[in-house]
Peer 1: 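Quick one: structure below, then a few questions.
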Amino acid sequence: MFAMDPVHLPRLFPAPLMERLHLAADVDPAVVVRDVTDPAVAPALSGADVLITGWGCPRLDADLLAVAPRLRAVLHAAGSVRSLVGEALWRRGIVVSSAATGNAVPVAEYTLAMILLAGKDVFTHRERYRSTHALPTPAETAATGNLGRRVGVVAASRVGRRLLELLRPHDVEVLLYDPYVDAAGAAALGARLVELDELLRHSDIVTLHAPDIPETHHLLDRARLALIRDGGVLINTSRGALVEQQALTDELVSGRLRAVLDVTDPEPLPADSPLHTLPNVFLTPHVAGSLGNELERLGRVVVEELERLSSGHPLGHEVHRADLSRLA
């Protein structure tokens, strides 16, 4: 059964993928669960072996298990399942799979694009060109370029690891902070492992890819933001709560730092936030993750998982409890 907002179904599972779903299992796209306590879906849920979830899915907890005694797997056609899966599912031993790896692709692509644009100082040049209508002078481009630029990647999460792969062909130096990775592991990923404060002090561009968990709340507080060098760039495509929002706003209003922010805290920002109009801020409305035709990639991950499950093979994207505090 599907459990999500039905509006997502056509893009997650276009006709060819829906046909593959039908070949792998008995599935009815006309029945989509939004509320596990809805008596209209209770009979179908009682016979469900697998739940295909996505954005708009109800929380999967004891209420679900009470009406879905046969359930043995949850295949999530989106990213993190941290806020979705209740403790009751883990206790029953239900297998959970996530398309987070598929969702990491566009986030890493967006981040790479922003790193390269920031290294070329494109956002500053755009603002100057708008006001002067003149080509830049050599003095105005002296600090422009990506050759030897130092990029600090915070967390070798799914997105972080994908980004590290995408950075390999470029002439940049990469620093990595991740408490779960050792120096050899970082080197294998093409980065040099450092502590967070060292990364902030020595990076031209800092990009955040840590999960939003209690340990990372305000990971970049006022003191740590102050460590970033003057003119440095902060990119956040993870979660706004990783950064102390008022401290970041103060730094940006002062003009000391620049930022590319796809996520903020709160989200969206209040209409009167200065970040909407600051020339040193490139603000986007949480679009780095899968959108439009990219949703099909997530559906493809779920279909492949269902095919593995139906043929008795282990899942390729199974989620374990440890993943919830480590990977984003």
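Just so you know, these numbers use all the heavy atoms, side chains as well, and skip hydrogens, waters and symmetry mates. A quick note: this is a predicted structure, and the numbers were derived from the prediction, not measured.
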Peer 1: With sequence neighbours excluded, give me every ring-ring contact (aromatic ring centres under 6.0 Å, His included) pair touching residues 6-53.
Peer 2: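 Applying ring-ring contact (aromatic ring centres under 6.0 Å, His included) to every pair that reaches into residues 6-53, excluding sequence neighbours, yields Phe2-Phe13, His8-Trp55.
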Peer 1: Any donor-acceptor pair under 3.5 Å linking the side chain of Thr284 with the backbone of His286?
Peer 2: no
Peer 1: Please report the shortest heavy-atom distance between Ala156 and Leu189, naming the atom on each side.
Peer 2: CB-CD1, 4.1 Å
Peer 1: Check whether any side-chain N or O of His218 sits under 3.5 Å from a backbone N or O of Gln245 as a donor-acceptor pair, and report yes or no.
Peer 2: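 Checking the backbone N and O of Gln245 against the side chain of His218, no donor-acceptor pair under 3.5 Å is found.
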Peer 1: Do the non-hydrogen side-chain atoms of Val243 and Asp265 ever get within less than 4.5 Å of each other?
Peer 2: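 Side chain of Val243 against side chain of Asp265, heavy atoms only: no contact under 4.5 Å found.
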Peer 1: Might you point out which heavy atoms bring Gly119 and Ile205 nearest each other, and give the distance in Å?
Peer 2: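 Answer, listing the atom of Gly119 first, then Ile205: N-CD1, 4.0 Å.
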Peer 1: Can you list every salt bridge (Lys or Arg N to Asp or Glu O under 4.0 Å) pair that touches residues 283-294, not counting sequence neighbours?
Peer 2: none
Peer 1: Looking only at non-hydrogen atoms, find the nearest pair between Ala191 and Leu176 and report the distance.
Peer 2: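 Closest heavy-atom pair between Ala191 and Leu176: CB-CB, 3.7 Å.
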Peer 1: Can you sort out the partners of Asp121 under side-chain contact (heavy atoms from CB on, under 4.5 Å), two or more places apart, ordered by chain and number?
Peer 2: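 Result, side-chain contact (heavy atoms from CB on, under 4.5 Å) vs Asp121: Thr124, His125, Thr144, Arg258.
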Peer 1: Under 3.5 Å, is there a donor-acceptor pair between the side chain of Thr137 and the main chain of Glu140?
Peer 2: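 Pair found, side chain donor or acceptor close to backbone of Glu140.
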Peer 1: Does Leu227 belong to the same Ile/Leu/Val/Met/Phe/Trp/Tyr cluster as Leu219, with side-chain heavy atoms less than 4.5 Å apart forming each link?
Peer 2: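 Both belong to a single hydrophobic cluster.
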Peer 1: Quick one: salt bridge (Lys or Arg N to Asp or Glu O under 4.0 Å) pairs with a partner in residues 148-157, sequence neighbours left out?
Peer 2: Arg150-Glu173
Peer 1: Judged by atom type as modelled, is there a donor-acceptor pair below 3.5 Å linking the side chain of Ser203 to the main-chain atoms of Leu200?
Peer 2: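 Side chain of Ser203 to backbone of Leu200: no pair is present.
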Peer 1: Keeping to residues at least two apart or across chains, list the salt bridge (Lys or Arg N to Asp or Glu O under 4.0 Å) pairs with something in residues 47-67.
Peer 2: Asp49-Arg70
Peer 1: Can you tell if the side chain of Leu257 reaches within under 4.5 Å of the side chain of Asn280, non-hydrogen atoms only?
Peer 2: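 A side-chain contact is absent here, since even the closest heavy-atom pair is not under 4.5 Å.
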Peer 1: Verify the cluster assignment for Leu51 and Leu21: are they in a single hydrophobic cluster under the rule of side-chain heavy atoms below 4.5 Å apart?
Peer 2: no
Peer 1: Is a donor from one side chain sitting under 3.5 angstrom from an acceptor on the other, for Ser97 and Glu305?
Peer 2: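 Side chains of Ser97 and Glu305: pair found under 3.5 Å.
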Peer 1: Got a sec, which residues hit salt bridge (Lys or Arg N to Asp or Glu O under 4.0 Å) with Glu251, two or more places apart in sequence or on another chain?
Peer 2: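 Glu251 satisfies salt bridge (Lys or Arg N to Asp or Glu O under 4.0 Å) with Arg256 once adjacent residues are dropped.
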Peer 1: Going by atom types alone, do Asn103 and Ser290 pair a side-chain donor with an acceptor below 3.5 Å?
Peer 2: yes
Peer 1: Would a distance-only check, ignoring hydrogens and angles, find a side-chain to backbone donor-acceptor pair under 3.5 Å from Ser157 to Ala210?
Peer 2: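 No; judged by distance alone, with no hydrogens or angles, the pair does not exist.
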Peer 1: Quick test of your reading of the model: are Glu127 and Arg130 salt-bridged, counting only N-O distances below 4.0 Å?
Peer 2: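 Here Glu127 pairs with Arg130 in a salt bridge, since their nearest N and O are under 4.0 Å apart.
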Peer 1: With sequence neighbours left out, which residue pairs that include part of residues 101-120 fulfil the ring-ring contact (aromatic ring centres under 6.0 Å, His included) condition?
Peer 2: none
Peer 1: Sequence neighbours left out, what passes ring pair (Phe, Tyr, Trp, His ring centres under 6.0 Å) with His317? Give chain and number order.
Peer 2: none
Peer 1: Would you check if Leu225 and Leu234 make a side-chain contact, meaning some heavy-atom pair closer than 4.5 Å?
Peer 2: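 Touching, per the 4.5 Å side-chain cut-off.
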Peer 1: With side chains defined as the heavy atoms from C-beta onward, is the minimum distance between Asp262 and Val287 less than 4.5 Å?
Peer 2: yes
Peer 1: Under the ring pair (Phe, Tyr, Trp, His ring centres under 6.0 Å) test, which residues partner Phe282, sequence neighbours left out?
Peer 2: Phe123
Peer 1: Does the side chain of Leu147 reach to within under 4.5 Å of the side chain of Val172, using non-hydrogen atoms?
Peer 2: no
Peer 1: So Pro211 and Arg82, do their side chains get closer than 4.5 Å, heavy atoms only?
Peer 2: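 When only atoms from C-beta onward are counted, Pro211 and Arg82 do touch, with a gap below 4.5 Å.
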Peer 1: Below 4.5 Å, heavy atoms only, C-beta onward: do Val105 and Arg162 meet side chain to side chain?
Peer 2: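 With C-beta onward as the side chain, the pair touches.
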Peer 1: Could you measure the distance from the CD atom of Glu195 to the CG atom of Leu193? Nearest 0.5 Å is fine.
Peer 2: 7.0 Å
Peer 1: Is the shortest heavy-atom distance from the side chain of Val253 to the side chain of Thr249 under 4.5 Å?
Peer 2: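 The answer is yes; the side chains approach within 4.5 Å.
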Peer 1: A quick test of your reading: do over 12 heavy atoms of other residues, nucleotides or ligands sit less than 6.0 Å from CZ of Arg20?
Peer 2: yes
Peer 1: With no hydrogens and no angle check, just 3.5 Å: does a side-chain donor-acceptor pair link Thr53 and His76?
Peer 2: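 Yes, a side-chain donor-acceptor pair sits under 3.5 Å.
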Peer 1: What pairs of donor and acceptor atoms, side-chain ones from residues 36-46 against any protein atom, are under 3.5 angstrom apart with sequence neighbours left out?
Peer 2:
{"residue": "Thr37", "atom": "OG1", "partner": "Asp35", "partner atom": "OD1", "Å": "2.7"}
{"residue": "Thr37", "atom": "OG1", "partner": "Asp35", "partner atom": "OD2", "Å": "3.1"}
{"residue": "Asp38", "atom": "OD1", "partner": "Ala40", "partner atom": "N", "Å": "2.9"}
{"residue": "Ser46", "atom": "OG", "partner": "Pro43", "partner atom": "O", "Å": "2.5"}

Peer 1: Does Arg201 form a salt bridge (charged side-chain N to carboxylate O under 4.0 Å, His left out) with Glu198? I'd like the steps, not just the answer.
Peer 2: CA-CA 5 Å; Arg201 286 191 184 98; Glu198 181 181 353; over 6 Å; no
Peer 1: Verify, without hydrogens or angle tests, whether Asn293 (side chain) and Glu296 (backbone) share a donor-acceptor contact under 3.5 angstrom.
Peer 2: no
Peer 1: Would a distance-only check, ignoring hydrogens and angles, find a side-chain to backbone donor-acceptor pair under 3.5 Å from Thr216 to Ile213?
Peer 2: yes
Peer 1: Assess the side chains of His209 and Thr207: does a donor N or O sit below 3.5 Å from an acceptor N or O?
Peer 2: yes
Peer 1: Can you list the residues that meet the side-chain contact (heavy atoms from CB on, under 4.5 Å) rule with Arg168, with sequence neighbours excluded?
Peer 2: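 Arg168 satisfies side-chain contact (heavy atoms from CB on, under 4.5 Å) with no residue once adjacent residues are dropped.
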Peer 1: Could you note down all residue pairs passing salt bridge (Lys or Arg N to Asp or Glu O under 4.0 Å) where residues 108-120 supplies at least one of them, sequence neighbours left out?
Peer 2: none
Peer 1: Using only atom types and a distance under 3.5 Å, with no angle test, would you say the side chain of Thr264 pairs donor to acceptor with the backbone of Gly240?
Peer 2: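 Flag not set: sc Thr264 to bb Gly240 has no pair under 3.5 Å.
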Peer 1: Strictly below 4.0 Å, N to O, side chains only: are Arg222 and Asp250 in salt-bridge contact?
Peer 2: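 Result for this pair is yes, salt bridge flagged.
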